[in-house]
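Worksheet: one structure, shown below.
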Amino acid sequence: VAPDPYGEDCRSKMYPPSGPTFKGNVPTYIINLDLPPSKRWDELIRAKKTELKAVIQNIKDIANTFFPSGKIVDIVDHKISHLTDTLPYPFNEELQGIANSSGIPLGEIVIFNIFYEIFTV
Amino acid sequence: CTSIVAEDSTGKLYHARNLDFGLFLGWDVKNNSWTVTRELKPTVVNLDFQRNNKTVFRSTNFAGYIGMVSGVKPDLFTLTMNERFSLDGGYIGIFEWFLGRRDGMWMGFLTRSVLENATSYQDAKDKLAKTRLLAPAYFILGGKNSGEGCVITRSRTAALDIWDLDIKKGTWYVIETNYDRWKPPLVLDNRRTPAMKCLNQTSQENISLPTIYDVLSTKPVLNKLTVCTTLMEVDKGHTETYLRECPDPCSPW
């Protein structure tokens, strides 16, 4: 068996994280479960709206590369949102709340949340 | 992804993971990186879910994603989820959902429910092993007491395998890298062997969150898909997350 061209000896003394393999720390937010589901994510989404929009736009660009007609994105924006009605409480209301506070179409928020199921093949 | 639950020689449990995501979702030739992986990094957040101003559980999430892929319920259990690829995949579950069969759980919602509602390691293990799912998955669960750690290999309908820690037989860690443990990993994507080599080299006597971070920093366990590394200890629900970069030369997955 050929050696892994990208393999290396076991690293040591990498902690605390720093140097070229460390890109940064991660902020912490509180999600208050006592709030109505549609309001729980407001603070976080207000802070991360731009970043979330960038990710979703990136995924849409990839979809449009494979389906230049734009039909896939159109279906997601106009049909997939109806899927929310079939999702269990409180998740359906949380997704609606995220769509409301981000201004991102509900269908795109739903797709972002079921990416796992789509990509397991 | 790579998930590890390990027990040190005093019986203390550690749980850590590399979150890898974005395979085949756009390659940026200029920066030698996956575009979605890169765009996801600024969305990574630690979340503290509270009720009555008290922490119920903590997780590491992408902003906008309400399910859980890594989380800890303080003093009870730690949980990560790894993707399991199968021809009997999630698209069949979604198709069934559209046709009206809705007795399965969406993966992210199950992990969220378990972190929110499970009352013990065993309760979490039962729920993760027995609940019908829309897509196959690997659940990596750690507890608080010696021997409480396992990898649950799930099809959509059943637990195919549960691999438990077994200190008496020398199994002081369990590891999951997106392949069934009874099968060899794909030749082009063998992260399991190098991770096991580094864990064995570290030894049970020296295992800790910093030394597990070393394992998760070794290429190709660290690769171009790695978004972040999360380190967890069940005691008081300790969790820390770091965004990662894999400088060239680095495996694309």
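Remember, it's a predicted structure, so these values are computed and weren't measured experimentally. In what follows, chains carry the letters A, B, and so on, assigned in the order in which the sequence lines appear, proteins first and then strands, with residues in each chain numbered from 1.
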Quiz prompt | Contact winner vs chain A - Thr226(B), Thr229(B), Ile94(B), heavy-atom pairs under 4.5 Å | solution = Ile94(B)

Quiz item: Just wondering, do Phe21(B) and Tyr116(A) contact through their side chains at under 4.5 Å, heavy atoms?
Solution: no

Quiz item: If you count heavy-atom pairs under 4.5 Å between each of Arg38(B), Gln50(B), Arg191(B) and chain A, which one has the most?
Solution: Gln50(B)

Quiz item: So, the side chain of Thr218(B) versus the backbone of Arg11(A): is there a donor-acceptor pair under 3.5 Å, distance only?
Solution: yes

Self-check item: For chain A, the option from Asn190(B), Asn53(B), Thr35(B) that forms the most heavy-atom pairs under 4.5 Å
Solution: Thr35(B)

Quiz item: Does any non-hydrogen side-chain atom of Arg244(B) lie less than 4.5 Å from one of Thr21(A)?
Solution: yes

Quiz item: Rounded to the nearest 0.5 Å, how far apart are OH of Tyr213(B) and OG of Ser12(A)?
Solution: 13.0 Å

Practice problem: Return the orientation label for the Phe91(A) and Phe109(B) ring planes: parallel under 30°, perpendicular over 60°, tilted otherwise. | Solution: parallel

Self-check item: Residue part contacting chain A, namely of Ile92(B), when any heavy atom lies under 4.5 Å
Solution: neither

Quiz item: Do Phe62(B) and Phe112(A) have side chains that get closer than 4.5 Å, going by heavy atoms?
Solution: yes

Quiz item: Which bit of Arg51(B) is near chain A, if near means a heavy-atom gap under 4.5 Å: side chain, backbone, both or neither?
Solution: both

Quiz item: What residue, out of Leu95(A), Thr86(A), Asn25(A), has the most heavy-atom pairs lying under 4.5 Å from chain B?
Solution: Thr86(A)

Quiz item: By a 4.5 Å heavy-atom criterion (distance strictly below it), what part of Ala137(B) contacts chain A: side chain, backbone, both, or neither?
Solution: both

Exercise. For Tyr15(A) and Asp214(B), work out which heavy atoms get closest and say how close.
Key: N-OD1, 4.0 Å

Quiz item: Are side-chain heavy atoms of Phe119(A) and Leu23(B) found at a separation under 4.5 Å?
Solution: no

Quiz item: Got a donor-acceptor contact below 3.5 angstrom from the Glu39(B) side chain to the Asn58(A) backbone?
Solution: no

Quiz item: Using non-hydrogen atoms only, which part of Lys13(A) is less than 4.5 Å away from chain B: side chain, backbone, both, or neither?
Solution: backbone

Quiz item: Of all of Leu87(A), Ile59(A), Leu35(A), which one pairs up most often with chain B through heavy atoms under 4.5 Å apart?
Solution: Leu87(A)

Quiz item: Taking atom CZ of Phe98(B) and atom NE2 of His82(A), what is their separation to the nearest 0.5 Å?
Solution: 10.5 Å

Practice problem: Heavy atoms only, distances under 4.5 angstrom: which of Pro27(A), Pro20(A), Pro17(A) has the most pairs with chain B? Name it, please. | Solution: Pro17(A)

Quiz prompt | Check: Lys219(B) main-chain N/O paired with Glu8(A) side-chain donor or acceptor under 3.5 Å | solution = yes

Self-check item: Proximity breakdown for Ile98(A) and chain B, heavy-atom pairs closer than 4.5 Å
Solution: side chain

Self-check item: Side-chain (Asn113(A)) to main-chain (Gly64(B)) donor-acceptor, under 3.5 angstrom
Solution: yes

Quiz item: Can we say Arg112(B) and Glu94(A) salt-bridge, meaning some charged N sits less than 4.0 Å from an Asp/Glu carboxylate O?
Solution: yes

Quiz item: Are the side chain of Asp48(B) and the backbone of Ile30(A) linked by a donor-acceptor contact shorter than 3.5 Å?
Solution: no

Practice problem: Tell me, out of Cys228(B), Gly26(B), Pro249(B), Ser217(B), who's got the most heavy-atom pairs with chain A below 4.5 Å. | Solution: Ser217(B)

Quiz item: Under 4.5 Å between any side-chain heavy atoms of Trp106(B) and Glu117(A), yes or no?
Solution: yes

Quiz prompt | Qualifying residue for side chain to side chain contact (heavy atoms under 4.5 Å, CB included) with Asn52(B), from Asp34(A), Leu33(A), Asn32(A) | solution = Asp34(A)

Quiz item: Roughly how far, to the nearest 0.5 Å, is CZ of Arg58(B) from OG1 of Thr28(A)?
Solution: 9.0 Å

Quiz item: Lys48(A) side chain to Pro42(B) main-chain N or O, any donor-acceptor pair under 3.5 Å?
Solution: yes

Practice problem: Please look at Leu25(B) and chain A and tell me whether the side chain, the backbone, both or neither of the residue comes under 4.5 angstrom of a heavy atom of that chain. | Solution: both

Self-check item: Exceeds 12 heavy-atom contacts within 6.0 angstrom, atom NZ of Lys23(A)
Solution: no

Quiz item: So which of Asn46(B), Thr211(B), Val44(B), Thr60(B) has the biggest tally of heavy-atom pairs under 4.5 Å with chain A?
Solution: Asn46(B)

Quiz item: Can you tell if the side chain of Lys224(B) reaches within under 4.5 Å of the side chain of Tyr6(A), non-hydrogen atoms only?
Solution: no

Quiz item: Would you call Ile118(A) and Tyr91(B) a side-chain contact if the rule is heavy atoms closer than 4.5 Å?
Solution: no

Quiz item: Tell me, side chain or backbone of Val69(B) under 4.5 Å from chain A's heavy atoms, or both, or neither?
Solution: neither

Quiz item: Taking every heavy-atom pair that is under 4.5 Å apart, which of Pro194(B), Pro252(B), Cys250(B) has the most such pairs with chain A?
Solution: Cys250(B)

Quiz item: With a cut-off of 6.0 Å (strictly less than), are more than 12 heavy atoms of other residues, nucleotides or ligands near CG of Asp9(A)?
Solution: no

